[in-house]
Asker: 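Below you'll find the structure I mean.
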Amino acid sequence: MYTNANSAVIGKGARFFACSLTDENSGKTYELNVKEPKLRTYKEFMKIQKTSSLDDIIALVADILKSNKENVDITAEFVENSFTSTEILSFFEDFAAWLSATRSNDPN
């Protein structure tokens, strides 16, 4: 399960995307601060919205989420088993909004 905790974090200099992930099998919840993506990941994120398979989308979400301050290893298998289709869409919307806000607040 994915929950956005980002509304309080968007602001000048916000370099981390805050979210919560719950492993429904174990019940464990991870509070993550996802780092700003590297250019390769950013390019994949911008491109994936056009034409990609579901497996590509799952792999990209895992790639984005595994780059977190807490060093929690998020795998494609975790994303596939934990996210609903609605949560994947919400993640992409929230992450895109965060990227946009981060860029507009600090264009460097």
Asker: Return the CG to CG distance between L89 and D94, rounded to the nearest 0.5 Å.
Answerer: 10.5 Å
Asker: Please round to the nearest 0.5 Å and tell me the distance separating atom OG of S53 and atom CD1 of I58.
Answerer: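 Answer for the OG-CD1 pair, S53 versus I58, is 8.0 Å.
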Asker: A76 and A59: which non-hydrogen atoms are nearest, and at how many Å?
Answerer: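 In this case the closest contact between A76 and A59 is CB-CA, 4.4 Å.
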Asker: Which distance, rounded to the nearest 0.5 Å, do you find between the CG of L21 and the CZ of F83?
Answerer: 5.0 Å
Asker: Find the distance between CG (N33) and CZ (R15) and round it off to the nearest 0.5 Å.
Answerer: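 It is 14.5 Å, given to the nearest 0.5 Å.
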Asker: Should N68 and Y30 be marked as a side-chain contact (heavy atoms from CB on, under 4.5 Å) after you check the CA-CA gap, both sets of side-chain angles, and the distance that decides it?
Answerer: CA-CA 11 Å; N68 61 75; Y30 302 97; over 6 Å; no
Asker: Would you kindly confirm whether I64 and L54 end up in one hydrophobic cluster when ILVMFWY residues are joined by side chain heavy atoms under 4.5 Å apart?
Answerer: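 Yes: a chain of side-chain contacts under 4.5 Å links I64 to L54.
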Asker: Out of curiosity, L32 CG to F17 CZ, how far, rounded to the nearest 0.5 Å?
Answerer: 10.0 Å
Asker: How far apart are the closest heavy atoms of F16 and K35, and which atoms are they?
Answerer: CE2-CG, 3.6 Å
Asker: May I ask you to decide if A96's main-chain N or O and S100's side chain share a donor-acceptor pair within less than 3.5 Å?
Answerer: no
Asker: Test of understanding: with side chain to side chain donor-acceptor pair (under 3.5 Å), list the residues that count as partners of T41, not counting sequence neighbours.
Answerer: D63
Asker: Taking the side chain as every heavy atom from C-beta outward, state whether I88 and V79 have any pair of such atoms under 4.5 Å apart.
Answerer: yes
Asker: Looking at side-chain heavy atoms only, is the closest gap between L65 and F78 below 4.5 Å?
Answerer: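 No, their side chains stay 4.5 Å or more apart.
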Asker: Please report the closest heavy-atom contact between V34 and C19, naming both atoms and the distance.
Answerer: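 Where V34 meets C19 most closely, the heavy atoms are CG2-SG, 4.3 Å.
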Asker: Hey, are the side chains of F92 and L60 touching, using non-hydrogen atoms and a 4.5 Å cut-off?
Answerer: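 Counting from C-beta outward, F92 and L60 do come under 4.5 Å.
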Asker: Sequence neighbours left out, what passes side-chain contact (heavy atoms from CB on, under 4.5 Å) with L99? Give chain and number order.
Answerer: P37, Y42, F45, F95
Asker: Measuring from K43:NZ to R40:CZ, what's the distance to the nearest 0.5 Å?
Answerer: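 Result: 10.0 Å between the selected atoms.
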Asker: Has E70 got more than 12 heavy atoms of other residues, nucleotides or ligands less than 6.0 Å from its CD?
Answerer: yes
Asker: Where is the tightest heavy-atom contact between S20 and E31, given as atom of each residue plus distance?
Answerer: OG-OE1, 2.6 Å
